[in-house]
Amino acid sequence: MPSEIEKFIDHHIEVSRRYFLRCGVASTSALAAWPLLAADPARNPVLQKAIDNLEPFLTTQADFRDVSRGNPKPHSLPDETKREVGLTRDTWSLEVISDPDNPARLRNPLSKEKGTALDFEGLMKLAKKNSVRFAKVMTCLNIGCPLGTGIWEGVPLRDVLWLTQPRDNVRRVFYYGYHNDKPEQMFRSSLPVDRVLEDHFDLPPVILCYKLNGDWLSSKRGGPVRMVVPEGYGFKSVKWLTHVYLSNLFNANDTYANGNNDVHSSLKSFAETLSVPLKVEAGDPIPVTGYAQVGISGVSKVQTWLHADKDKLPDNDPYFQQAPWQDAEILGPPSVWGGNLPEGKIPQSTMGFNSKTGEPQQWPMRLLKVHWATLLSGMPAGEYTFRCRTVDDKGHAQPMPRPFRKSGRASIETVGITIE
Ligand SMILES: Nc1nc2c(c(=O)[nH]1)N[C@H]1C(S)=C(S)[C@@H](COP(=O)(O)O)O[C@H]1N2
Ligand SMILES: [Mo]
């Protein structure tokens with residue numbers, strides 16, 4: 001006979017699978033092979049089991065969800081073709097030139113024509129002088145589910161920008177990657193030059209990224225080199241990078257603008273469930289776990305609310321700001337980071353981590369995904385709706401301060417629970 005806890009786990013894993021299906025992750029290999037956190041003896045054992053089953057904190061390169069475009073997808077090209085088109089470390093090169101339509105004045109463009117394009121060796125020379133590492137969740141603005149969390153390493157884009165000796169008329173930087181030499185497959189993104197030159201509010205710099213979780217960036221993740229924009233949604237982080245244009249254009253010209261997206265939106269905070277028992281017996285406490293994306297404005301609280309469907313929802317309160325929300329526990333930094341880090345350690349001098357102890361300097365850390373858990377009190381039989389939300393560091397409860405779907409996912413998730 002399986003014990004109550006074993007029965008719960010079977011059910012719990014089932015529920016987690018539902019989550020992975022919803023987010024399009026095909027396998028449950030993304031489930032933790034070992035507990036994320038050391039057990040807390042004070043915690044209810046059923047809730048502790050749910051926490052033990054949480055996903056690993058960092059995602060291995062292979063376990064990232066892939067939303068690559070292109071026909072064929074550049075990472076699927078045979079090795080020989082990859083070498084021909086510059087998608088290997090020994091054949092890659094990057095042009096950093098003036099935009100012919102809105103010229104910037106550059107003394108020293110990095111171009112193939114002049115033989116000055118930046119190759120991988122050149123990039124590694126720059127990396128020796130100045131390379132940075134930071135943790136970030138990659139989230140697609142359109143899909144809304146985080147695709148994976150990693151430690152991204154690269155050279156600040158501005159270090160390369162300065163090599164071109166820009167003099168004037170630089171207002172925007174736009175860039176694209178290898179796209180099978182088919183203009184209609186080009187995927188382009190852009191930033192104000194201001195963001196490239198300065199890092200506002202302690203954000204990490206925009207980087208030319210060549211490593212993920214301490215390993216060379218795989219072809220699937222956009223290697224040999226991709227852009228990574230720390231606070232941006234995925235579309236800013238162009239893969240298989242080949243061209244950077246310095247431009248006098250003042251407005252955005254991202255491919256993603258075509259989908260009616262808000263191309264300047266920074267990562268937003270939101271909460272979602274990872275495990276919710278779908279059926280519960282009357283009076284039994286209800287263990288729920290989930291994650292919170294920690295956006296640009298941080299997360300001060302994760303809150304939950306179980307509402308009996310027979311009770312009317314308040315009028316004129318579309319974001320349920322008057323509901324009796326209760327604080328959930330935001331779980332601390334994991335004791336095991338996952339992600340196949342070399343020696344299982346956060347790489348030396350990763351921004352936001354103590355260089356001696358490897359511990360995060362702040363928690364929850366911005367631009368990451370953290371986990372939460374709660375044990376709801378037992379309830380009488382009936383149909384219920386569970387909701388969760390984040391409250392950011394400024395006190396804005398989800399979906400505020402930016403509730404619009406095309407600015408990134410923020411809507412409050414609802415999950416039905418039957419109590420028998
Ligand atoms: N060259 C190129 N880069 C790209 C894309 C693309 O289609 N082509 N897609 C972007 C989008 S929309 C997202 S969400 C992220 C996904 O990054 P990942 O595949 O590493 O998870 O890559 C971005 N970079
Ligand atoms: Mo995306």
Side-chain angles (χ1 to χ4, degrees), residues 20 23-26 30 58-77 82 85-87 92 94-95 134-154 157 174-191 206-213 215-245 252-268 293 339-340 367-369 405-409:
F20 286 114
C23 283
V25 176
L58 298 178
T59 316
T60 65
Q61 295 212 42
D63 277 340
F64 262 73
R65 181 173 173 200
D66 190 47
V67 292
S68 302
R69 263 163 270 235
N71 186 14
K73 296 184 198 311
H75 64 74
S76 69
L77 293 168
K82 279 185 186 165
V85 301
L87 285 179
W92 175 82
L94 178 71
E95 294 200 88
F134 55 84
K136 167 191 171 53
V137 59
M138 191 64 71
T139 300
C140 178
L141 182 114
N142 279 332
I143 302 169
C145 281
L147 306 168
T149 305
I151 309 246
W152 307 84
E153 173 175 328
L157 174 59
F174 67 85
Y175 43 92
Y176 59 84
Y178 179 73
H179 49 74
N180 297 309
D181 299 322
K182 301 218 165 78
E184 69 279 8
Q185 292 190 16
M186 181 196 284
F187 188 84
R188 184 171 64 198
S189 198
S190 75
L191 291 167
V206 174
I207 59 169
L208 298 174
C209 168
Y210 52 82
K211 276 190 178 178
L212 174 55
N213 294 340
D215 233 330
W216 294 122
L217 188 68
S218 68
S219 189
K220 208 168 182 181
R221 293 278 68 72
V225 179
R226 81 184 287 179
M227 197 71 80
V228 174
V229 179
E231 71 281 21
Y233 281 94
F235 69 93
K236 290 284 181 194
S237 295
V238 166
K239 298 158 84 170
W240 313 295
L241 190 70
T242 56
H243 287 81
V244 174
Y245 285 86
N253 58 349
D254 300 44
T255 301
Y256 247 43
N258 302 335
N260 192 32
N261 291 304
D262 172 1
V263 290
H264 284 136
S265 187
S266 301
L267 277 176
K268 292 205 297 204
Q293 174 167 290
N340 282 348
L367 315 183
L368 276 185
K369 211 177 109 180
R405 179 62 189 92
K406 284 299 189 177
S407 303
R409 170 168 172 190

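Ligands are counted one by one from 1 in listed order, and the atoms in each one are counted from 1 as well.
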Checklist line | Ligand-residue contact atoms, ligand 1 with D66, heavy atoms, under 4.0 Å | finding: 19 (O)
Note to self: Just to check, does G148 reach to within less than 4.0 Å of ligand 1 when the distance is taken from its heavy atoms?
What the structure shows: no
Check: Do E153 and W216 have side chains that get closer than 4.5 Å, going by heavy atoms?
Finding: no
Notebook entry, point to check: Would you say the side chain of V206 lies within less than 4.5 Å of the side chain of M227, judging by non-hydrogen atoms?
Noted result: yes
Checklist line | Within 45° cone and under 6.0 Å: K211 NZ/CZ vs W152 ring | finding: no
Notebook entry, point to check: Taking distance alone, with no angle check, do Y178 and ligand 1 share an N/O pair under 3.5 Å?
Noted result: no
Checklist line | Which residue and heavy atom of the protein sit nearest atom 22 (O) of ligand 1, plus the separation | finding: R226 NH2, 3.4 Å
Next item on the list: Please answer whether the main-chain N or O of N213 pairs with a side-chain N or O of Q61 as donor and acceptor at a distance below 3.5 Å.
Entry: no
Item checked: Residue of the set K220, K239, K73 for which side-chain hydrogen bond (donor to acceptor under 3.5 Å, both in side chains) holds with S68 -> K239
Check: Which of the atoms of ligand 1 are close to L147, meaning less than 4.0 Å from one of its heavy atoms?
Finding: 14 (S), 16 (C), 21 (O)
Check: Nearest protein heavy atom to atom 14 (S) of ligand 1, by residue and atom, and its distance?
Finding: C140 CB, 3.4 Å
Note to self: If you define the side chain from C-beta out and look only at heavy atoms, does anything of D66 sit under 4.5 Å from H75?
What the structure shows: yes
Next item on the list: Could you tell me which atoms of ligand 1, counted from 1 in the order shown, lie closer than 4.0 angstrom to a heavy atom of R65?
Entry: 21 (O)
Next item on the list: Flag S68 as yes when one of its N or O atoms lies below 3.5 Å from any N or O atom of ligand 1, and as no otherwise.
Entry: no
Note to self: Quick check against the 3.5 Å criterion: does T59 have a side-chain atom that pairs as donor or acceptor with the backbone of F64?
What the structure shows: no
Notebook entry, point to check: Hey, is ligand 1 close enough to Y256 that some N/O pair sits below 3.5 Å?
Noted result: no
Checklist line | Of the listed options K220, Q61, K239, M227, closest to atom 1 (N) of ligand 1 (non-hydrogen atoms) | finding: K239
Check: For atom 24 (N) of ligand 1, what is the nearest protein heavy atom, given as residue, atom name and distance?
Finding: S237 O, 3.1 Å
Notebook entry, point to check: How about D262 and L141: do any of their side-chain heavy atoms sit closer than 4.5 Å?
Noted result: no
Next item on the list: Look only at interatomic distance and state if R69 has a nitrogen or oxygen under 3.5 Å from any nitrogen or oxygen of ligand 1.
Entry: yes
Next item on the list: Answer whether the closest heavy-atom distance between the side chains of V137 and L267 falls below 4.5 Å.
Entry: yes
Check: What residue and atom, counting heavy atoms only, is the protein's closest point to atom 18 (P) of ligand 1, and at what distance?
Finding: R221 NH2, 3.5 Å
Next item on the list: Kindly indicate whether the side chain of W92, heavy atoms from C-beta on, has any atom under 4.5 Å from the side chain of W240.
Entry: no
Check: Given F187, F64, W240, which one has a non-hydrogen atom that is nearest to atom 10 (C) of ligand 1?
Finding: F187
Check: In terms of residue, atom name and distance, what is the protein heavy atom nearest to atom 23 (C) of ligand 1?
Finding: G234 O, 3.3 Å
